[in-house]
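Bear in mind the structure is a predicted one, so any value in this text is a computation, not a measurement. FYI, side chains are in, hydrogens and waters are out, and symmetry mates aren't considered; it's all heavy atoms of this structure.
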Amino acid sequence: MSLPYIPATGNKNAKLMILGEAPWTEEVKQGLPFVGSSGKVLDDLLGDAGINRGDTWISNVCKYPVPPNKPKEKIPFIIRAKQVGIDIGVQLEDLQKEINNVKPNTILALGGTALWATTGKTKISAFRGSILFGMGTKVVSTYHPAHLLHS
């Protein structure tokens with residue numbers, strides 16, 4: 001695959017795993033997840049909650065960039081990934097292996113794609129803040145920081 005691979009990063013013994021959808025522009029430039037404007041919002045929110053980013057494991061459902069929806073478009077993540085040659089089944093298998101290796105106590109699923117990937121549920125508005133179970137651990141979902149930037 002010719003797309004850049006952006007690996008997860010953080011504390012390999014983290015109790016909290018933060019999971020987003022896929023890297024995009026700034027993440028690809030820097031080779032790290034959550035370093036762009038969404039990363040700044042995430043850092044502010046973590047700070048407000050008294051959580052040190054360095055104590056967490058930060059990852060994405062897909063480690064390759066997936067084009068975002070254009071304004072007024074609602075193309076599902078799986079289809080957008082497939083359009084650029086990404087096998088989402090392989091990405092989910094890799095994510096499960098990653099979770100098994102890190103063994104977080106809880107996954108903070110940021111956005112609908114992370115909620116779906118970890119639990120199979122699809123309505124972030126219906127499950128935001130709920131304690132769920134998926135991929136062998138507790139999952140709490142909320143809106144992706146980019147949602148705050150675009151609201």
Side-chain angles (χ1 to χ4, degrees), residues 1-69 76-78 80-81 84 86-125 127-151:
M1 180 177 301
S2 63
L3 295 171
Y5 179 89
I6 309 304
T9 188
N11 182 336
K12 292 184 181 185
N13 297 310
K15 298 293 181 203
L16 177 64
M17 177 180 194
I18 300 170
L19 185 66
E21 179 177 270
W24 199 233
T25 308
E26 194 59 35
E27 288 80 6
V28 170
K29 284 181 189 173
Q30 294 189 40
L32 296 166
F34 284 99
V35 292
S37 53
S38 291
K40 172 69 171 113
V41 173
L42 176 63
D43 289 346
D44 290 346
L45 295 171
L46 289 172
D48 289 348
I51 298 170
N52 180 343
R53 181 181 174 127
D55 292 337
T56 68
W57 183 257
I58 300 179
S59 190
N60 283 299
V61 170
C62 181
K63 306 300 188 290
Y64 300 96
V66 175
N69 275 314
F77 173 76
I78 298 170
R80 290 182 285 124
V84 293
I86 297 169
D87 182 337
I88 201 65
V90 170
Q91 296 300 298
L92 292 174
E93 288 173 13
D94 289 348
L95 176 61
Q96 183 65 72
K97 289 175 190 170
E98 181 181 347
I99 292 166
N100 292 347
N101 286 333
V102 176
K103 296 178 183 67
N105 176 272
T106 305
I107 297 171
L108 177 60
L110 300 177
T113 298
L115 171 66
W116 165 80
T118 53
T119 68
K121 300 191 183 308
T122 59
K123 299 284 184 194
I124 190 78
S125 59
F127 295 101
R128 181 179 61 89
S130 298
I131 300 171
L132 305 168
F133 189 79
M135 291 198 150
T137 193
K138 288 180 284 192
V139 177
V140 177
S141 65
T142 192
Y143 294 105
H144 192 285
H147 179 80
L148 296 173
L149 293 170
H150 303 294
S151 294

Closest heavy-atom pair, A117 versus L92, reported as atoms and distance to 0.1 Å, is CB-CD2, 3.6 Å

Show me, pair by pair, the donor-acceptor contacts under 3.5 angstrom made by side chains of residues 106-116, not counting sequence neighbours?
{"from": "T113", "atom 1": "OG1", "to": "E21", "atom 2": "OE1", "distance (Å)": "2.6"}

Counting distance only, does the side-chain N/O of T137 pair as donor-acceptor with the main-chain N or O of P104 below 3.5 Å? yes

With sequence neighbours left out, what residues match N100 under side-chain hydrogen bond (donor to acceptor under 3.5 Å, both in side chains)? Q96

Mind checking side-chain hydrogen bond (donor to acceptor under 3.5 Å, both in side chains) for R80 and listing every partner two or more places apart, or none if nothing turns up? none

Can you name the residues that form a salt bridge (Lys or Arg N to Asp or Glu O under 4.0 Å) with D44, not counting sequence neighbours? K40

What is the minimum heavy-atom distance between L3 and P65, and which atoms define it? CD1-O, 4.0 Å

Please enumerate all residues that pass salt bridge (Lys or Arg N to Asp or Glu O under 4.0 Å) together with E98, with sequence neighbours excluded. K63

So ring-ring contact (aromatic ring centres under 6.0 Å, His included) across residues 22-60, not counting sequence neighbours, yields F34-H144

Can you give each donor-acceptor pair under 3.5 Å made by side-chain atoms of residues 6-14, sequence neighbours left out, with the distance rounded to 0.1 Å?
{"from": "N11", "atom 1": "OD1", "to": "N13", "atom 2": "N", "distance (Å)": "2.7"}

Quick one: CG on L95 to OG1 on T118, what's the gap to the nearest 0.5 Å? 8.0 Å

What is the distance from atom CG of L45 to atom OG of S38, rounded to the nearest 0.5 Å? 10.5 Å

Quick one: pull up CD1 in I18 and OG1 in T56 and give me the separation to the nearest 0.5 Å. 4.0 Å

So, for N60 and P33, which heavy atoms are closest and what is the spacing to 0.1 Å? ND2-CB, 3.6 Å

P23 side chain near Y5 side chain, heavy-atom distance below 4.5 Å: no

Residues in side-chain hydrogen bond (donor to acceptor under 3.5 Å, both in side chains) contact with N105, at least two apart in sequence or another chain: K138

List in chain and number order the residues that pass salt bridge (Lys or Arg N to Asp or Glu O under 4.0 Å) with D43, two or more places apart in sequence or in another chain; answer none if no residue qualifies. R53

Only counting residues at least two apart or in another chain, list the ones meeting side-chain contact (heavy atoms from CB on, under 4.5 Å) with E26. K29, Q30, V35

Less than 4.5 Å apart, any side-chain heavy atom of V61 and any of L19? yes

For S141 and I124, indicate whether the former's side chain and the latter's backbone hold a donor-acceptor pair under 3.5 Å. no

Is there a side-chain contact between M17 and V102 in this structure, where contact means two heavy atoms from C-beta onward sitting under 4.5 Å apart? no

